[in-house]
Number of protein chains: 2
Amino acid sequence: MIENEIFRALADPTRRAIFEKLAAGGMNASALREGIDISQPAMSQHLAVLRGAGLVREERQGRFVNYEVDPEGLALIAQWLAKYRAYWPARIEALKVLLKDMDQ
Amino acid sequence: MIENEIFRALADPTRRAIFEKLAAGGMNASALREGIDISQPAMSQHLAVLRGAGLVREERQGRFVNYEVDPEGLALIAQWLAKYRAYWPARIEALKVLLKDMDQ
DNA sequence: AGAACAGATAAGCATGTACTTATGTGATTC
DNA sequence: GAATCACATAAGTACATGCTTATCTGTTCT
């Protein structure tokens, strides 16, 4: 069940920070470390977890490995969230805006 | 940062099962245990975590405590997710449907 | 081929987490 | 008011997790 791995992956604040950074644009593991106080192996391990959850995907580029957000994982979160739409408060205007964006 | 507590709360499959059960309708802690093989203290602890994350709220009713989904937590997940809308694949039709619902 | 570099993997360790049993607290019933 | 019930809290334990240092793999450059 990958849903489990997604939530487990996002449960760690460091991993959410990495993911957020990647959302601004794909980059390699070394570039990702800049600004985040983290060792090389730790970053590698976090990326492996994010990758296993389908939140991130990698692509070898020479001796670098470029990482980028994988929409797959986000889609699964969206699906999970959609199950509980009956409870979303009407005041979440952000989501309405979002829907309009998607309808274009 | 409650965002952290939300994802940590949902990282546990038992807690997600509890939350899902509550989404079908509010009920007390004993009723929640039915069908889920879990001890009374464990259930109580899980509910405390879900409550701390803003995913669930409680209401004393005599010697029972009724639990129900708290939209607050779901709203925060939606907000988190909305930050990455640029990456949502267009094929998530479910969300479009959902937006139409909200526009009504 | 060998040095240098980007990154992954291995192994060990300290802390966190989910459970257990035991007990405490508040409300109801007899 | 004493027993009972619904639930919370305490304390202990086994396992998971995130880190560390050390080492390995794969690629580039001279």
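Residue numbering restarts at 1 for every chain, and letters A, B, ... go by the order of the sequence lines.
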Contacts of A/Asp12 and A/Arg60 projected onto DNA chain D by closest heavy atom; the upstream (5') one is A/Asp12
Please tell me if B/Tyr67 has a side-chain N or O lying less than 4.0 Å from either OP1 or OP2 of D/dA6. no
Yes or no on salt bridge (charged side-chain N to carboxylate O under 4.0 Å, His left out) for B/Glu3 and A/Arg16, after CA distance, side-chain angles and deciding distance? CA-CA 10 Å; B/Glu3 186 179 272; A/Arg16 284 201 309 280; 3.6 Å; yes
Whole-Å gap separating P (D/dC7) and CD (B/Glu59): 13 Å
Between atom CD in B/Glu58 and atom C1' in D/dT9, what is the gap in whole Å? 14 Å
So which atom in A/Ala11 and which in B/Asn4 form the shortest heavy-atom distance, rounded to 0.1 Å? O-OD1, 3.4 Å
Provide the closest heavy-atom pair for A/Leu55 versus A/Leu74 in the form atom of the first, atom of the second, distance. CD2-N, 4.2 Å
Using only side-chain N and O atoms of A/Arg63, determine if any of them is under 4.0 Å from OP1 or OP2 of D/dT25. no
How do A/Thr14 and A/Gly62 order along DNA chain D: which one's closest nucleotide is nearer the 5' end? A/Thr14
Would you compute the distance between atom CD of B/Glu20 and atom CH2 of A/Trp80 and round it to the nearest 0.5 angstrom? 8.5 Å
Among the nucleotides D/dT27, D/dC7, C/dC19, which one has an atom lying closest to any side-chain atom of B/Phe64? D/dC7
A/Leu32 has an atom CG; how far is it from atom C1' of C/dA6, in whole Å? 13 Å
Look up atom CD in A/Glu72 and atom CD1 in A/Ile2, then write down how far apart they are to the nearest 0.5 Å. 7.0 Å
A/Met43 CE to C/dA8 C1': how many Å, rounded? 14 Å
Measure the distance from CG on B/Leu10 to P on C/dT17 and round it to the nearest whole Å. 14 Å
Listed nucleotide nearest any side-chain atom of B/Ser44, set D/dA8, C/dA8, D/dG18: D/dA8
Among C/dA8, C/dT20, D/dC19, which nucleotide has an atom closest to any side-chain atom of B/Ala42? C/dT20
Nearest-angstrom distance from the residue atom CD of B/Glu5 to P of C/dG16: 14 Å
Taking everything shown except A/Arg51 itself, do over 12 heavy atoms lie less than 6.0 Å from its CZ? no
Quick one: is D/dC7 close enough that its OP1 or OP2 comes under 4.0 Å of any side-chain N or O from B/Asn28? yes
Any side-chain N or O of B/Ser39 below 4.0 angstrom from OP1/OP2 of C/dT20? yes
Is any N or O donor-acceptor pair between the side chain of A/Gln40 and the base of C/dA8 shorter than 3.5 Å? yes
Distance in angstrom units between B/Asp37 CG and C/dT20 P, rounded: 8 Å
Nearest of C/dA8, C/dT17, C/dG26 to any side-chain atom of B/Arg8? C/dT17
Under 4.0 Å, counting only non-hydrogen atoms across every strand here, what does A/Arg51 touch: a base, just sugar-phosphate, or nothing? nothing
Check every strand shown and say whether B/Arg33 touches a base, only sugar-phosphate, or nothing at a heavy-atom separation below 4.0 Å. nothing
Side chain of A/Gln45 only, heavy atoms from C-beta on: which candidate in C/dA10, C/dG7, D/dA8 is closest? C/dA10
B/Asn66 CG - C/dA27 C1' separation (whole Å): 16 Å
Can you tell me which nucleotide in C/dG26, C/dT20, C/dT9 comes closest to the side chain of A/Pro41? C/dT9
